[in-house]
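One structure is given here, and the rest of the page talks about it.
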Amino acid sequence: MRTDPLWQLTLARLRMFFREPSAVFWTFGFPLALSLALGVAFRNKPPDPVAVGVWSGPDASGSRRVVEALRGTNGIEVREYYGPSTRDLSTGKIALFVRPGERLEYDFDPTRPESRLAREMVDNALQRASGRADVLRTMDHPVAAPGSRYIDFLIPGLIGMNIMSGSMWGIGYVVVEMRTRKLLKRLMATPMSRAQFLWSFVLMRAAFFFLELPLLLLFGWLAFGVGVAGSLVLLVALSLLGAVAFAGLGLLVAARAQNTQTVSGLINLVMLPMFIGSGVFFSTARFPGFFQPFLRALPLTALNDSVRAVMIEGAGPRAVAGEAGLLAAIGAVSFALALRLFRWR
Amino acid sequence: MDLAIRCGGLVKKYDRVTAVDGLDLSVRRGECFGLLGPNGAGKTTTVEILEGLLQPTSGDVEVLGMRWARDERALRQRLGISLQETHLPDKLTVEEVLTLFRSFFDTGRPVGEVLDLVGLSDKRGSWTEKLSGGQKQRLAVACALVSDPELLFLDEPTTGLDPQSRRQLWDVVLGFKSRGRTVLLTTHYMDEAERLCDRVAVVDRGKVIALGTPAELIASLGGQQVIEAQLDGAVADGELSALPGVHRLSRAGGTVSLAVEKLHQTLPALLSLAQSRGAALTQLSTHQATLEDVFVTLTGRQLRE
Ligand SMILES: Nc1ncnc2c1ncn2[C@@H]1O[C@H](COP(=O)(O)OP(=O)(O)OP(=O)(O)O)[C@@H](O)[C@H]1O
Ligand SMILES: [Mg+2]
């Protein structure tokens with residue numbers, strides 16, 4: 001008749017979660033919607049053509065030849081102007097202004113890379129059109145490097161973010177809610193093992209995690225062709241370590257808080273710096289060198305960097321050992337601290 | 001004597017209030033013992049100390065011959081506890097909640113049997129958030145019973161229940177007791193204490209102010225009948241006490257309560273006294289003496305304001 005308490009506790013956790021539609025959405029639906037939206041917004045497009053202005057002035061036949069020559073060139077968009085100068089150059093609507101005449105005159109801002117590029121492209125096209133012959137034979141091979149798109153960067157970041165917010169909310173908030181409802185106290189009035197109670201949260205997170213991770217990976221693959229370059233086993237192991245680290249942090253923020261407002265504040269306080277500084281949406285490298293040691297010490301940075309290394313570069317266990325060690329240490333320390341500080345009533 | 005609970009000199013101080021102020025109790029095995037008292041008397045605090053959930057400021061507690069500091073694990077297995085307020089998980093069914101609680105104990109009763117006992121069998125598949133207040137309370141008691149405990153703590157088990165659910169819970173408690181088990185319950189209902197409890201401790205301001213069987217406590221009033229009257233005008237307490245057959249007099253608000261031996265002896269005398277003084281008698285009622293009267297007599301206050 002008696003069933004195992006750890007199993008019953010975990011089962012209760014899972015049931016309570018899946019019977020709460022909004023929790024299910026935030027855990028599973030939201031990351032998918034986010035990656036879809038960002039993936040579409042930042043999809044790779046063919047390069048925009050460079051806009052170039054031409055003065056259709058006194059030398060009408062010269063202008064005609066220039067316009068025609070440029071129209072036949074890839075990557076250049078020609079606009080005609082009927083004055084010797086235009087404000088479109090200074091406002092950046094065109095990158096280069098060409099004034100045909102006895103000699104070709106180019107107006108451009110040499111500090112703008114786009115303008116320098118336009119000058120070379122236009123000059124080449126016009127010189128060739130006037131009969132200059134290329135001396136060397138060349139051939140172009142366009143390369144689309146896999147793993148270089150924004151979505152390839154984003155999916156690993158979303159995996160990390162999901163693991164973090166799932167653990168923090170799914171443990172921190174839920175535990176404090178149980179405390180305010182006196183449910184913790186009621187459970188303490190039974191012989192329930194405290195360790196098993198805490199373990200049930202970890203097991204629940206692990207169980208979810210085996211739903212969340214494949215869902216995001218599959219989605220990234222089907223919708224955007226994001227693959228896993230390295231070992232899948234290593235990816236799962238790293239994510240599990242991350243889940244444990246954040247489960248420990250979730251218990252830690254819940255250890256003392258007496259109401260759900262306090263714990264919500266604490267959770268946001270812990271998560272916000274990592275949302276911004278741990279390379280979810282943009283690379284940590286954008287922050288000045290001074291911040292780098294701090295950013296490296298954040299668990300989400302370790303998780304994101306290592307997951308990204310495995311997914312994009314196909315890194316092996318050696319390459320991510322540092323990050324894995326950091327995650328394990330954060331998990332162990334926060335668990336131990338949480339157990340000491342935990343208020344059961 | 002074989003005691004289920006023994007505590008002495010129990011004190012619990014909070015910053016500003018002393019919730020329990022030197023309280024002694026002995027609960028015998030196999031009896032149903034009631035803590036009766038008004039709001040804030042310290043009943044819940046006392047019970048939670050006995051349950052090992054609160055640390056007393058000072059005092060000595062022994063439960064089933066064991067002590068919390070040493071034998072917590074063994075004790076927890078043998079107690080059934082229902083707190084004054086607990087929100088059980090909203091999104092679990094009645095049966096799932098009971099199965100969960102059952103899983104914590106080494107021994108106990110089958111979940112279905114306990115559901116039958118508290119009359120929740122037809123609700124076994126409902127989420128607890130869909131239960132009525134009374135049904136939730138019965139589920140809380142079921143959670144305490146599912147381990148088939150030796151000693152059952154019930155903190156205000158029937159507050160807010162309709163009369164039928166109350167009687168149903170009373171039957172559960174009586175059935176539990178009839179198997180030789182011990183119950184400690186708190187209540188502010190006299191009828192409940194009289195019906196269920198072998199002995200009652202009346203608690204006020206953290207102290208036991210009277211202890212005994214309900215019959216003994218009522219007998220301590222001296223009379224078996226109580227006259228309650230509102231008299232305006234000058235009738236001194238001394239004159240009322242001097243009426244024939246009056247054992248005790250107490251006042252609560254504007255109402256005078258007289259514990260009397262025989263109504264037919266005292267009532268006519270009261271009426272003629274009022275008439276001779278020209279005092280208007282605005283209200284007059286009589287009833288059989290209850291524990292409520294004991295409380296009013298001891299404290300000059302009603303149990304429930
Ligand atoms: N955690 C606490 N902090 C401060 N004061 C408290 C605390 N718990 C209880 N008290 C105070 O102790 C006194 C006794 O409270 P207790 O809950 O034991 O009363 P009770 O007899 O159970 O009342 P009721 O019938 O309303 O349940 C009250 O004055 C209450 O305000
Ligand atoms: Mg109480």
Side-chain angles (χ1 to χ4, degrees), chain A residues 1-27 169-171 173-201 203-204 208 254 258-260 342-345, chain B residues 44 47-48 50-55 68 71-93 95-114 127-130 136 139-140 143-144 146-149 151-153 155:
Chain A
M1 181 63 219
R2 185 189 182 190
T3 43
D4 178 59
L6 181 56
W7 165 240
Q8 281 296 328
L9 279 166
T10 311
L11 201 61
R13 293 265 80 73
L14 289 170
R15 282 174 172 147
M16 281 150 76
F17 175 84
F18 281 107
R19 290 169 190 177
E20 199 78 66
S22 64
V24 174
F25 169 76
W26 286 108
T27 310
W169 289 110
I171 297 180
Y173 191 87
V174 170
V175 166
V176 174
E177 199 181 24
M178 292 176 82
R179 186 181 288 126
T180 60
R181 299 173 131 220
K182 305 252 166 97
L183 189 54
L184 269 189
K185 185 176 185 175
R186 178 64 187 92
L187 291 174
M188 281 308 105
T190 71
M192 181 191 76
S193 140
R194 295 170 187 206
Q196 287 191 343
F197 174 78
L198 297 181
W199 265 112
S200 72
F201 281 93
L203 289 184
M204 169 199 69
F208 272 12
Q258 288 294 342
N259 57 57
T260 48
F342 206 88
R343 200 171 271 158
W344 289 96
R345 322 224 142 95
Chain B
T44 298
V47 169
E48 288 187 355
L50 299 178
E51 290 165 346
L53 294 174
L54 273 181
Q55 199 67 33
W68 280 111
D71 313 305
E72 169 152 12
R73 287 177 75 89
L75 261 175
R76 290 259 169 257
Q77 288 287 350
R78 293 162 67 181
L79 305 185
I81 289 174
S82 167
L83 301 176
Q84 184 169 353
E85 53 163 339
T86 306
H87 295 268
L88 293 165
D90 286 340
K91 297 272 184 337
L92 291 185
T93 68
E95 189 172 15
E96 286 162 358
V97 169
L98 268 190
T99 308
L100 177 65
F101 274 86
R102 172 67 187 84
S103 76
F104 301 141
F105 293 89
D106 293 340
T107 58
R109 307 175 75 162
V111 166
E113 200 178 299
V114 178
W127 290 0
T128 66
E129 67 176 3
K130 300 261 161 40
K136 279 183 190 154
L139 177 59
C143 290
V146 77
S147 64
D148 199 18
L151 172 56
L152 180 63
F153 288 96
D155 197 354

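Convention: sequence-line order gives letters A, B, ...; per-chain numbering from 1. Remember, predicted model here, so these are calculated numbers, not experimental data.
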Please tell me if the side chains of A:Lys185 and B:Thr86 come closer than 4.5 Å, counting only heavy atoms from C-beta onward. no
For the residue pair B:Leu100 and A:Met192, establish whether any side-chain heavy-atom pair is separated by less than 4.5 Å. no
Using non-hydrogen atoms only, which part of B:Glu85 is less than 4.5 Å away from chain A: side chain, backbone, both, or neither? both
Does the pair A:Arg181 and B:Glu129 meet the rule for a salt bridge (Lys or Arg N to Asp or Glu O under 4.0 Å), with working shown? CA-CA 13 Å; A:Arg181 299 173 131 220; B:Glu129 67 176 3; over 6 Å; no
Check whether more than 12 heavy atoms from other residues, nucleotides or ligands sit under 6.0 Å from atom CH2 of A:Trp7, and answer yes or no. no
For a quick test of reading the model, state the closest non-hydrogen atom pair linking B:Ser103 to A:Pro5 and the distance between them. OG-CA, 3.5 Å
Is there a donor-acceptor contact under 3.5 Å from the side chain of B:Arg76 to the main chain of A:Met188? yes
Do other residues, nucleotides or ligands put more than 12 heavy atoms under 6.0 Å from A:Trp199 CH2? no
With a 4.5 angstrom heavy-atom cut-off, could you sort out which part of B:Phe101 is near chain A: side chain, backbone, both or neither? side chain
Would a distance-only check, ignoring hydrogens and angles, find a side-chain to backbone donor-acceptor pair under 3.5 Å from A:Arg186 to B:His87? no
Which bit of A:Leu11 is near chain B, if near means a heavy-atom gap under 4.5 Å: side chain, backbone, both or neither? neither
Can you find a heavy atom in the side chain of A:Gln8 that is under 4.5 Å from one in the side chain of B:Phe104? no
Residues B:Glu48 and A:Lys182 bridged, charged N to O under 4.0 Å: no
Checked B:Arg73, B:Glu72, B:Glu96, B:Glu51 vs chain A; the most non-hydrogen pairs under 4.5 Å come from B:Glu96
Contact leader toward chain A among B:Asp90, B:Leu54, B:Leu79, where contacts are heavy-atom pairs under 4.5 Å: B:Asp90
After noting the C-alpha distance and the side-chain angles of B:Thr93 and A:Arg19, does the key distance pass the side-chain contact (heavy atoms from CB on, under 4.5 Å) rule? CA-CA 11 Å; B:Thr93 68; A:Arg19 290 169 190 177; 4.2 Å; yes
